[in-house]
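Keep in mind that what you see is a predicted model, and the values were worked out from it rather than measured.
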Amino acid sequence: MKFRIFFLFLCLAAVCLASGDAVAERLARQAKKAEKAGQIVRAYLLYAQAAARDPGNSTYRENRDALAPAAKLLTKADVQNADISQDVQEAEQQGPTNPDPPVERATEAEWMADPRLQGVPTVHADASKADFKLRAPAKDVIEQVCTAFGVRAVVDSEVTSDKPIQFDLTQADLRTALEALTDATGTFVFPVSASSVYFAPDTQAKRDALEPTILLTFPLPNALSEKDLIEAANVVRSLLQLKSIGWDSHSRTVMIRDHVTRARIARSVLQALLLPRAQVQIELKFLTVDTDKMLNYGSIIQTSLPVYYLGHIGGFSYTQASLSNLASLAIIGGGGSIFGLGLMDATLLAQYTSSFAQAFFDSTVVVGDRQTASLHFGNKYPLAETLYTGFAQGAPSIYNPTPQITLVDLGLVLKVTPYVNGDGDIGLDVEAELNSLGNQTFNTIPAINDRSFKGTVNMREGQVAIIAGMDSDLTSVTRNGLAGLTQIPGLNQVLAQNTREHQTSQTLILVKPTITRLPMASYISPQYLLGPQRGARVLL
């Protein structure tokens with residue numbers, strides 16, 4: 001949204017206006033500053049003056065109407081007041097402005113009909129690669145390097161450095177050699193004919209005087225709306241001070257006429273702003289293997305012994321339950337103080353349990369550059385956040401609060417963000433979280449086991465990244481029995497109940513990215529020497 005507002009502001013400043021419209025434009029700029037400073041009433045009055053001077057500009061009217069309610073309230077409450085007579089007088093006294101022409105609506109055929117246009121010269125050079133190890137003045141180095149490729153170098157008279165430079169290069173073609181030459185000598189280069197190029201000092205004056213003017217036409221069929229395209233074109237024209245830029249709405253073609261370097265930069269900026277980002281297809285494979293082995297051995301011995309009072313047995317004071325347990329009782333005492341001690345039972349244990357589970361998921365997702373793809377492999381488990389556990393006597397109350405339930409993602413939650421760096425290099429930000437139900441519960445609510453991974457990997461297109469490290473290995477040992485016996489080494493293996501459990505979980509994630517839509521190529525100046533591109537013409 002901020003970028004769109006920036007577009008609109010720059011486009012407003014670049015519109016071609018008449019003398020009266022120029023005053024309205026200055027008033028609108030003052031209104032914008034006042035609005036940012038919180039001077040609502042002053043901004044409203046300035047927009048109203050601008051709309052009155054330029055009734056055809058809908059932007060002034062819309063801004064005026066948007067501020068009208070707030071301005072009336074502030075004025076009525078005597079919070080803000082403003083006098084704009086001085087602002088109007090200063091705007092009228094300023095000289096006329098000469099803004100650059102806006103985006104011209106024309107057809108590609110009209111621009112191409114210019115009789116001065118000629119095809120871009122294509123330099124025919126030796127396609128072989130060469131090695132250089134030179135130490136000489138800049139002019140001599142330029143001439144020797146170009147001669148090695150069968151190209152004649154015309155060097156500007158101002159390239160007169162007598163100080164020798166060191167120029168070492170191995171296995172270089174023409175493009176690489178020209179890039180190195182321009183960097184080493186501080187020059188720029190452009191073709192003159194099929195067999196010659198021109199080198200001149202890389203200064204703004206020399207570029208304005210010598211660099212060829214080129215007409216570039218390129219389509220933007222996948223751009224946003226025509227309004228957005230024209231706004232972006234106006235911004236690029238204003239920032240780069242382009243000579244002229246046009247728009248063919250029928251073929252959705254942009255036309256730029258300026259010096260070679262500036263025109264190509266403008267094209268790259270427009271394409272980067274308006275064309276969709278790079279797109280990446282990500283293949284994801286998720287494999288998890290869980291094992292659970294449990295060994296239960298020893299014996300179960302009662303840890304508590306019942307004692308019964310059997311006195312007055314002749315007087316029939318016993319109970320039927322006591323009578324039924326007489327066979328398993330040990331009689332202690334006599335007479336009126338007879339007690340029965342319940343005999344303990346023992347159970348021998350020897351049990352082994354083993355379980356194995358394997359899950360495999362395969363998925364493919366397409367996501368844009370620097371956008372995040374989120375995937376979930378697994379189920380959703382209802383988990384109570386709040387519960388009413390109070391005790392209600394009698395019938396349950398209708399006013400007991402209802403528990404609040406939330407759904408928790410169990411399984412793998414994966415987030416992948418690709419970064420296309422160009423030349424097939426892809427960076428991936430990976431966040432993985434593996435959730436499962438735990439063995440413990442708190443107030444009937446099970447605990448959640450959480451394992452997570454977060455990292456970044458750089459790889460080439462088509463390579464496979466393997467993400468590991470989310471494994472778990474849990475061993476638990478429990479022992480139940482009589483106090484004292486369970487502390488005796490050796491005997492506690494027989495006279496107690498022993499449980500050994502070993503749980504393992506191994507997780508493997510495979511990620512394979514593939515670029516399905518390439519990003520915009522960066523601007524490289526010497527590409528101009530390798531031949532004409534689509535829609536390129538030189539204006540002589």
- Query: If you measure only the distance, is there a donor-acceptor pair under 3.5 Å linking the side chains of Thr182 and Thr187?
  - Reply: no
- Message: Check the orientation of Phe132 and Phe149. Use parallel for under 30°, tilted for 30 to 60°, and perpendicular for over 60°.
- Response: tilted
- Message: Check Asp429 with Lys454, please: is the shortest side-chain N to carboxylate O separation under 4.0 Å?
- Response: no
- Message: Just so I know, are the side chains of Thr364 and Ile282 near enough to count as touching, which here means a heavy-atom distance under 4.5 Å?
- Response: no
- Task: Indicate yes or no: at least one non-hydrogen side-chain atom of Val145 is less than 4.5 angstrom from one of Leu134.
- Result: yes
- Task: Evaluate the side-chain proximity of Glu283 to Val511: yes if any heavy-atom separation is below 4.5 Å, no if none is.
- Result: no
- Item | Sub-6.0 Å ring centroid separation between Tyr198 and Phe190 | yes
- Salt bridge flag under 4.0 Å for residues Asp362 and Lys285: yes
- Message: Between Asp208 and Gln204, is there a side-chain donor-acceptor contact under 3.5 Å, judged purely by atom types and distance?
- Response: yes
- Task: Could you tell me whether the side chains of Glu211 and Thr261 share a donor-acceptor contact shorter than 3.5 Å?
- Result: yes
- Query: Do Leu215 and Asp258 come close enough that some side-chain heavy atom pair is under 4.5 Å?
  - Reply: no
- Item | Criterion side-chain contact (heavy atoms from CB on, under 4.5 Å) on Arg262 and Leu242, from CA distance to verdict | CA-CA 7 Å; Arg262 192 179 299 163; Leu242 295 176; 3.6 Å; yes
- Heavy-atom closest contact (Val159 atom, Lys139 atom, distance): O-CB, 4.3 Å
- Any side-chain heavy-atom pair of Val420 and Ile515 under 4.5 Å: yes
- Query: In terms of side-chain geometry, is the basic nitrogen of Glu179 or Arg175 positioned less than 4.0 Å from the acidic oxygen of its partner?
  - Reply: no
- Query: With a 4.5 Å heavy-atom cut-off, do Thr185 and Asp202 have their side chains touching?
  - Reply: no
- Looking only at heavy atoms, the pair that brings Arg64 and Ala51 closest together is NH1-CB, 4.0 Å
- Item | Candidate pair Asp87 and Arg42, rule salt bridge (charged side-chain N to carboxylate O under 4.0 Å, His left out), full reasoning | CA-CA 10 Å; Asp87 298 320; Arg42 182 168 178 263; 2.9 Å; yes
- Message: What verdict does the side-chain contact (heavy atoms from CB on, under 4.5 Å) test give for Ile214 and His259, after you've listed the backbone C-alpha separation in whole Å, the side-chain angles of each residue and the deciding distance to 0.1 Å?
- Response: CA-CA 6 Å; Ile214 192 172; His259 292 304; over 6 Å; no
